[in-house]
Amino acid sequence: MLDSTFGDQGIVITDIDRHDYISAMAIQSDQKILVAGYTGGITGIGGYHDMTVVRYLPDGSFDQEFGVSGFVHIHPGSDYFFYQCDALALQPDGGIVLLGKVTYEKETTELEDDIVLVRLKLNGSIDSTFGSGGIVVTDFGYNTDQGYSVLVQEDGRIIATGQGPIGYGFKMARYESDGEIDTDFGDEGFVTTFIQGSSTPYTGVIQPDGKIILAGVARTGFPGDFAMVRYLENGGLDSLFGSDGIVQTDLGGMNSYDFALTISLDPDGKIVLGGAVDVKFVPSVSHIGVVRYNSNGSLDKSFGNNGIYELSLGEFSLVRSIARQPDGKYLLAGSSNGIDSNSNWLLARLEYHGDLDLGFGNKGIITTDLKGIQESAISVLIQSDNRILVGGFNNGDYSDSQDFVVARYIANYISGTNKIDSFPISISPNPCTDFITINVGDESGAYHCKIYDLTGRLIRKEILYLNSGNNQVIDTRLLNTGFYLMEITNNKKRGGTSFIVEK
């Protein structure tokens with residue numbers, strides 16, 4: 001449910017200008033919330049745009065110590081009439097790195113788009129030690145450059161990812177911490193990877209070992225596939241990943257258009273991609289696709305249907321962001337028109353093995369109608385207190401305004417040995433060897449029982465039928481020695497506990 005202690009009954013709507021679009025969100029170590037995007041007039045109707053960053057306190061109020069009353073607007077000068085922010089990353093020292101593009105008119109009167117990086121200090125002021133007055137503009141080699149994600153290495157070096165003309169190829173550049181191009185990376189600082197006829201890298205991440213993964217779409221003609229590339233830290237392709245560093249996954253069939261928009265890493269090195277499957281653009285049709293891979297790029301066949309999970313909600317639905325909970329479950333954020341003909345916020349939760357978590361929201365799904373025309377959640381993050389933070393926008397109708405929106409939800413789940421909800425669960429003996437006896441109090445009926453190991457992996461599930469005051473015996477002889485978590489739910493309540501198996 002929405003967290004009533006955050007903003008106005010769980011939602012904060014920030015109206016900055018006529019057209020306000022959230023692109024990215026981050027949570028600082030002090031739990032303050034950063035959202036970044038662009039604001040201004042209506043695109044294509046002579047409007048201008050500024051990079052805009054807003055910082056909120058943990059309760060959803062504006063942080064008055066950031067920028068001007070919580071707001072930072074960036075426009076580098078009259079030469080640029082369109083200034084867009086597409087991604088946000090935090091450096092180890094607290095620096096805030098923004099990635100986007102600038103549009104300007106060349107001497108030939110043609111329009112040109114270049115990649116731009118901006119770095120802010122922790123208080124929101126521009127960091128003048130970075131680039132030229134805090135700004136670095138990079139020509140990726142085309143007239144229509146577009147940035148997608150910005151990644152920060154542990155040593156503070158920065159990787160900007162993007163492309164040239166639509167779908168031309170995966171491209172990235174690496175910068176030293178002061179904004180200078182790192183010529184030791186790839187070819188004099190740049191790396192370009194072509195997949196099929198064209199490809200686009202919508203998302204990226206750096207692994208703990210320093211390897212870089214970019215993911216998006218590869219296509220020849222209209223059909224497209226999930227595409228993923230892994231690079232060594234120096235920018236070379238990782239030949240141990242997929243086929244010479246490249247992985248392609250056809251989800252919807254050879255004539256479908258599928259693309260990945262978000263990536264998440266599991267602690268054991270598994271990789272999760274989410275996006276849209278079987279996309280048609282006129283009219284807009286798609287459904288949700290989530291794929292999990294082993295660390296070498298092969299499909300993890302223990303997830304979903306041989307590594308792939310698909311979900312249809314209305315005619316149009318997709319995932320833009322994935323966050324992994326500490327218990328191994330996955331939160332998916334995006335949009336769906338499953339409520340009505342308009343696109344609404346979507347939040348869903350998957351079990352670790354790739355099924356909807358039916359104990360979350362309405363049978364695994366939460367849709368939030370913000371009374372707009374084309375609403376969408378863009379980013380989902382998990383706070384240190386396990387509350388769920390979602391950022392996005394609420395309208396998209398060019399005849400009306402569109403605003404920054406941040407919402408916070410409360411959802412219970414197993415974590416350590418804490419009880420999840422109100423009904424009690426007792427287990428004996430604990431530790432156990434061959435059998436355990438479960439008592440759930442005085443409620444009768446059917447109960448769903450799930451047992452997880454400490455990595456969040458679902459070990460076992462079954463349905464228990466209990467009468468008031470009765471006990472249920474579960475066979476634990478097939479479980480290895482170790483610590484386990486148990487979740488029991490019915491159609492009213494949920495409970496959780498832990499037990500130890502000793503052999």
Side-chain angles (χ1 to χ4, degrees), residues 86-89 91 97-101 113-117 119 130-131 136-220 224-248 259-263 265 271 273 293 295-297:
D86 298 294
L88 161 69
Q91 290 190 298
V97 182
L98 310 174
L99 170 71
K101 72 175 183 180
D113 294 331
D114 285 342
I115 302 298
V116 64
L117 286 169
R119 188 165 70 195
F130 182 76
V136 175
V137 177
T138 305
D139 185 354
F140 265 20
Y142 315 102
N143 289 339
T144 55
D145 298 336
Q146 173 67 55
Y148 286 109
S149 58
V150 59
L151 313 173
V152 176
Q153 298 182 170
E154 289 186 356
D155 60 6
R157 287 185 289 186
I158 300 163
I159 296 172
T161 79
Q163 66 173 29
I166 295 176
Y168 194 76
F170 285 23
K171 188 151 192 170
M172 59 179 170
R174 189 165 73 184
Y175 304 79
E176 302 286 357
S177 59
D178 62 359
E180 292 291 325
I181 288 286
D182 178 7
T183 56
D184 292 331
F185 182 75
D187 183 9
E188 296 297 315
F190 295 89
V191 172
T192 304
T193 305
F194 301 103
I195 311 170
Q196 293 193 36
S198 59
S199 51
T200 304
Y202 290 119
T203 186
V205 70
I206 298 177
Q207 294 186 165
D209 61 3
K211 292 181 179 180
I212 305 153
I213 302 176
L214 302 185
V217 62
R219 63 188 180 89
T220 300
D225 302 327
F226 275 31
M228 181 168 51
V229 183
R230 190 163 74 188
Y231 303 87
L232 304 175
E233 193 171 357
N234 63 4
L237 290 171
D238 181 1
S239 61
L240 300 179
F241 185 76
S243 177
D244 294 325
I246 298 173
V247 172
Q248 298 181 69
F259 55 84
L261 291 173
T262 180
I263 187 170
L265 291 180
I271 305 157
L273 298 183
Y293 303 86
S295 59
N296 64 359

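This is a predicted model, so every value here is computed, not measured.
Each of Val229, Ile246, Ile271 was evaluated against Phe241; a single residue qualifies, Ile271, per the side chain to side chain contact (heavy atoms under 4.5 Å, CB included) test. Between Leu117 and the choices Val150, Leu98, Val137, Thr138, the side chain to side chain contact (heavy atoms under 4.5 Å, CB included) rule is met once, by Val150.
Residues meeting the side-chain contact (heavy atoms from CB on, under 4.5 Å) test with Asp209, sequence neighbours left out: Gln207, Lys211. In this view, Asp182 and Arg157, Arg174 satisfy the salt bridge (Lys or Arg N to Asp or Glu O under 4.0 Å) rule, not counting sequence neighbours. Listed by chain and residue number, nothing satisfies the side-chain hydrogen bond (donor to acceptor under 3.5 Å, both in side chains) test with Thr203 (two or more places apart in sequence, or in another chain). For Thr161, the side-chain hydrogen bond (donor to acceptor under 3.5 Å, both in side chains) partners two or more places apart in sequence, or in a different chain, are Ser149. Applying the side-chain hydrogen bond (donor to acceptor under 3.5 Å, both in side chains) test to Ser239 and every residue at least two apart in sequence or in another chain returns nothing. The ring pair (Phe, Tyr, Trp, His ring centres under 6.0 Å) test applied to Tyr148 returns Tyr202, not counting sequence neighbours. Listed by chain and number, the residues in a side-chain contact (heavy atoms from CB on, under 4.5 Å) with Asp139 are Glu112, Asp114, Asp145 (sequence neighbours excluded). With sequence neighbours excluded, no residue forms a side-chain hydrogen bond (donor to acceptor under 3.5 Å, both in side chains) with Asn234.
Between Leu99 and Val116 there is no side-chain heavy-atom pair separated by less than 4.5 Å. In this structure the side chain of Gln146 never reaches within 4.5 angstrom of the side chain of Asp113, judged on heavy atoms.
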Please set out all donor-acceptor pairs under 3.5 angstrom arising from side-chain atoms of residues 183-195, sequence neighbours excluded.
residue: Thr193; atom: OG1; partner: Tyr231; partner atom: OH; Å: 2.7

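Here the straight-line distance linking atom CG of Asn296 with atom CG of Asp238 works out to 10.0 Å at 0.5 Å rounding. Separation of atoms CZ (Phe130) and CD (Gln91) is listed at 7.5 Å; rounding is to 0.5 Å. Taken to the nearest 0.5 Å, the CD atom of Gln248 stands 4.5 Å off from the CD atom of Gln196. From Leu214, atom CG reaches atom CD of Gln163 across 12.0 Å, with rounding to the nearest 0.5 Å. Taking CD1 of Ile206 as the reference point, atom CD of Glu154 lies at 9.0 Å (rounded to 0.5 Å). Interatomic distance, Ile158 CD1 to Ile181 CD1, rounded to the nearest 0.5 Å: 10.5 Å.
Contact detail for Val136 and Tyr175: the closest heavy-atom pair is CG1-CE2, 3.9 Å. Here the closest heavy-atom approach between residue Gly204 and residue Leu151 is recorded as O-CD2, 3.4 Å. Annotation for Gly169 and Pro201: closest pair O-CD, 4.0 Å, computed over non-hydrogen atoms. Contact detail for Ala215 and Leu273: the closest heavy-atom pair is CB-CD2, 3.6 Å. Closest of all the heavy-atom pairs between Thr220 and Gly197 is OG1-N, 3.1 Å.
Put simply, the side chain of Arg230 gets close to the backbone of Ser295: a donor and an acceptor are under 3.5 Å apart.
Note on residues 191-202: no pairs pass salt bridge (Lys or Arg N to Asp or Glu O under 4.0 Å), not counting sequence neighbours. Annotation: salt bridge (Lys or Arg N to Asp or Glu O under 4.0 Å) contacts involving residues 193-207, sequence neighbours excluded, are absent.
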